[in-house]
Amino acid sequence: MARRVFFSFHYQRDIWRINQIRNLHEIVGCAAAGFQDASLWEEAKKKGDAEIKKMIDGALERTTVTVVFIGAKTAGRKFINYEIEKSIARGNGLVGIQIHHLKDKDGNTDTPGDTPALLTKHGVPVYRYVDGDKLAARIEEAAKKAGK
């Protein structure tokens with residue numbers, strides 16, 4: 001079943017890793033604030049936190065699952081935390097996916113990062129990215145757990 005999914009990740013550090021996995025056929029309209037157009041994200045940053053939160057809120061609309069992609073520096077970032085909080089408030093299914101082992105634009109992998117504390121606090125399962133089929137299965141599991 002195709003799902004509308006919100007991708008939460010450290011944009012500057014991990015966009016290359018995310019681009020390797022975002023075009024899965026099981027995911028319809030994967031959303032993230034500024035994901036489709038980096039210039040929109042940059043413009044929102046100039047306007048301040050309220051504008052960024054507005055973009056995040058809009059991107060979360062009509063999604064049923066939030067995937068928090070965990071790289072070396074994901075944990076503790078305020079907008080990652082905001083995305084998790086809003087996803088919980090919406091009742092979205094949640095799953096954490098480690099991506100530090102995927103290569104960046106220069107062909108380098110990264111060190112494992114900490115799991116965001118909000119995921120741990122809410123008992124959200126965390127898995128290592130293996131392939132698209134496994135990710136799709138994890139997304140479906142998160143949706144069913146949330147009753148979506």
Side-chain angles (χ1 to χ4, degrees), residues 1-24 26-38 40-102 104 109-132 134-148:
M1 174 180 188
R3 296 218 172 257
R4 291 189 56 83
V5 179
F6 182 86
F7 282 4
S8 176
F9 59 96
H10 183 324
Y11 187 88
Q12 292 84 356
R13 188 169 184 106
D14 293 324
I15 186 63
W16 193 269
R17 292 175 177 94
I18 299 306
N19 280 339
Q20 296 173 53
I21 60 179
R22 73 180 184 132
N23 293 321
L24 302 174
E26 295 88 354
I27 301 170
V28 175
C30 61
F35 188 92
Q36 303 299 340
D37 187 344
L40 293 176
W41 178 256
E42 293 302 320
E43 187 63 30
K45 281 188 350 186
K46 291 176 189 172
K47 294 179 181 176
D49 288 0
E51 191 66 24
I52 293 171
K53 288 178 178 179
K54 183 177 170 185
M55 283 184 69
I56 292 167
D57 293 345
L60 276 165
E61 288 180 14
R62 298 188 335 254
T63 63
T64 57
V65 174
T66 297
V67 178
V68 180
F69 288 102
I70 304 167
K73 302 287 183 183
T74 305
R77 298 187 60 81
K78 68 179 169 181
F79 294 116
I80 298 289
N81 289 337
Y82 181 80
E83 291 163 352
I84 294 169
E85 289 168 351
K86 285 298 194 174
S87 296
I88 290 168
R90 290 180 43 76
N92 273 19
L94 275 165
V95 62
I97 302 292
Q98 297 169 331
I99 58 167
H100 63 276
H101 56 287
L102 299 178
D104 66 11
T109 59
D110 215 341
T111 58
D114 292 335
T115 298
L118 286 172
L119 294 183
T120 302
K121 177 181 175 184
H122 291 280
V124 175
V126 174
Y127 306 95
R128 182 179 171 102
Y129 180 79
V130 176
D131 61 32
K134 291 274 193 236
L135 177 58
R138 300 301 185 206
I139 289 168
E140 192 60 26
E141 289 168 7
K144 287 181 179 173
K145 184 177 178 183
K148 303 270 181 167

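Remember, predicted model here, so these are calculated numbers, not experimental data.
Here OG1 of T63 is found 7.5 Å from CZ of R4. Values are rounded to the nearest 0.5 Å. Once rounded to the nearest 0.5 Å, the distance linking NZ of K86 with OG of S8 reads 14.0 Å.
No donor-acceptor pair closer than 3.5 Å links the side chain of R13 to the backbone N or O of F9. Using a distance-only test at 3.5 Å, with no hydrogens or angles considered, no donor-acceptor pair links the side chain of H10 to the main chain of I80.
Across every non-hydrogen atom of S87 and L94, the tightest pair is CB-CD2, 4.1 Å. Nearest heavy atom pair, residue P125 against residue K145, reads CD-NZ, 4.3 Å. Pairing each heavy atom of F79 with each of K53, the nearest pair is CE2-CG, 4.3 Å. Residues V124 and G96 come closest through the heavy atom pair CG1-N, 3.9 Å.
Shown are V65, T64, I56; of these, the side chain to side chain contact (heavy atoms under 4.5 Å, CB included) with F6 is made only by I56. Under the side chain to side chain contact (heavy atoms under 4.5 Å, CB included) test applied with F69, the options L102, D14, I21 reduce to a single match, I21.
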Give the C-alpha distance, both sets of side-chain angles, the deciding distance and a yes or no for side-chain contact (heavy atoms from CB on, under 4.5 Å) between I139 and V67.
-> CA-CA 7 Å; I139 289 168; V67 178; 3.7 Å; yes
Could you walk me through whether I70 and H100 pass side-chain contact (heavy atoms from CB on, under 4.5 Å), step by step?
-> CA-CA 7 Å; I70 304 167; H100 63 276; over 6 Å; no
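Under the 4.0 Å criterion applied to side-chain N and carboxylate O atoms, E141 and R138 are assigned as salt-bridge partners.
Remark: D114 CG is loosely packed, at most 12 non-hydrogen atoms of other residues, nucleotides or ligands lying under 6.0 Å away.
Using a 4.5 Å heavy-atom threshold, the side chains of D57 and Y82 count as touching.
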